[in-house]
Amino acid sequence: GDFSGQLLAYLSLGPIFIIVGFVTLIIFKRELHTISFLGGLAFNEGVNWLIKNVIREPRPCEEAHSTVTTKYGMPSSHSQFMWFFSVYSFLFLYLRMHQTNNARFLDLLWRHVLSICLVTVALLVSYSRVYLLYHTWSQVLYGGVAGSIMAIAWFAFTQEILTPLFPRIAAWPISEFFLIRDTSLIPNILWFEYTVTRAEAR
């Protein structure tokens, strides 16, 4: 009968929906930066697992959730995942995608709205872990901090180390066989795909 609890429980499935979305996007787009983003999420999860097994801080009310995959709760993996995703997406929106058309106001507006939505979802998922007694506030807080730091580090690594290698990787025979592409030199991929598709349709 706890409607808020049910809603937050569904909301806490956000990481699963994001992973499914990434796999679908990679299958259809086959873009190296998207693959790198998913790799960062996977690496972030591995770091979370490592930290949990080093600190070994138990979850609150362990008896209420006997089906969790690990009894350790510091830091929260949901919180770390969502803040990694949100902060990386924020950096991508404002530092990777650049304005290329004349709709400056609308371009900034949708970026601001999307950024607010990303932060809101990350906050709600983090809150849901405390509300549902899976984590304490400190476990959620440190998860958010760890995810944010990981996102910044992975974004810098992708931009400075991986992106210069993408053209070479895209030229590999195996990449050409699987139609893997590099769009890192295109400032605004959405605007590019829109204009190319419209021109081709004409």
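Values below: every heavy atom of this structure, side chains too, minus hydrogens, waters and symmetry copies.
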May I have the list of side-chain donor-acceptor pairs in residues 160-173 shorter than 3.5 Å, sequence neighbours left out?
| from | atom 1 | to | atom 2 | distance (Å) |
| --- | --- | --- | --- | --- |
| T163 | OG1 | T158 | O | 2.7 |
| W172 | NE1 | R168 | O | 3.4 |

To the nearest 0.5 Å, what is the distance between CD1 (I180) and CD1 (I35)? 4.5 Å
Hydrophobic cluster identity match, F157 and Y88, side-chain contacts under 4.5 Å: yes
Between W83 and V119, does the side chain to side chain contact (heavy atoms under 4.5 Å, CB included) criterion hold? Intermediate values first, please. CA-CA 8 Å; W83 283 102; V119 172; 4.1 Å; yes
My understanding is that only residues two or more places apart in sequence, or in another chain, count here; which of them pass side-chain contact (heavy atoms from CB on, under 4.5 Å) with T24? V20, F28
d(L95 CG, Q159 CD) to nearest 0.5 Å is 8.0 Å
Just to verify, what does F90 make a ring pair (Phe, Tyr, Trp, His ring centres under 6.0 Å) with, not counting sequence neighbours? Y94
is_close_aromatic(H33, F92), centroid dist under 6.0 Å: yes
Please set out all donor-acceptor pairs under 3.5 angstrom arising from side-chain atoms of residues 138-145, sequence neighbours excluded.
| from | atom 1 | to | atom 2 | distance (Å) |
| --- | --- | --- | --- | --- |
| S138 | OG | T136 | OG1 | 3.0 |
| Q139 | OE1 | H135 | ND1 | 3.1 |
| Q139 | OE1 | T136 | N | 3.1 |
| Q139 | NE2 | E57 | OE2 | 2.9 |
| Q139 | NE2 | P58 | O | 3.0 |

Residue pair H78 / S128, side-chain heavy-atom distance below 4.5 Å: no
If the condition is ring pair (Phe, Tyr, Trp, His ring centres under 6.0 Å), which residues does F17 pass it with, not counting sequence neighbours? none
Straight-line distance of F81 CZ to I19 CD1, nearest 0.5 Å: 4.0 Å
Decide if atom CD1 of I174 counts as having more than 12 heavy atoms of other residues, nucleotides or ligands within a radius under 6.0 Å. no
Restricting to side-chain contact (heavy atoms from CB on, under 4.5 Å), what partner residues turn up for V121, sequence neighbours left out? M82, V125
Which residues pass the side chain to side chain donor-acceptor pair (under 3.5 Å) test with S79, sequence neighbours left out? S126
Residues at least two apart in sequence or cross-chain that pass salt bridge (charged side-chain N to carboxylate O under 4.0 Å, His left out) with R30, listed by chain then number, are none
Rounded at 0.5 Å granularity, tell me how far CG in L93 sits from CG in L114. 5.0 Å
side-chain contact (heavy atoms from CB on, under 4.5 Å) partners for I51, two or more places apart: V47, I55, P75
dist Y127:OH -> L132:CG (nearest 0.5 Å) comes out at 9.0 Å
About how many Å separate CG of L118 and CG of L123, when rounded to the nearest 0.5 Å? 11.0 Å
If two hydrophobic side chains count as joined below 4.5 Å and joins carry through other members, does I18 share a cluster with I26? yes
What residues, two or more places apart in sequence or in another chain, satisfy ring pair (Phe, Tyr, Trp, His ring centres under 6.0 Å) together with F85? F37
Has W154 got a side-chain atom pairing as donor or acceptor with S36's backbone, closer than 3.5 angstrom? yes
Residues which pass side-chain contact (heavy atoms from CB on, under 4.5 Å) with N44, listed by chain and number, not counting sequence neighbours: Q80, F84, M150
Between S76 and R129, what is the shortest heavy-atom contact and its length? OG-CG, 4.1 Å
If you count heavy atoms of other groups shown closer than 6.0 angstrom to CZ of F43, is the number above 12? no
Same apolar cluster: L50 and L41, side chain cutoff 4.5 Å: no
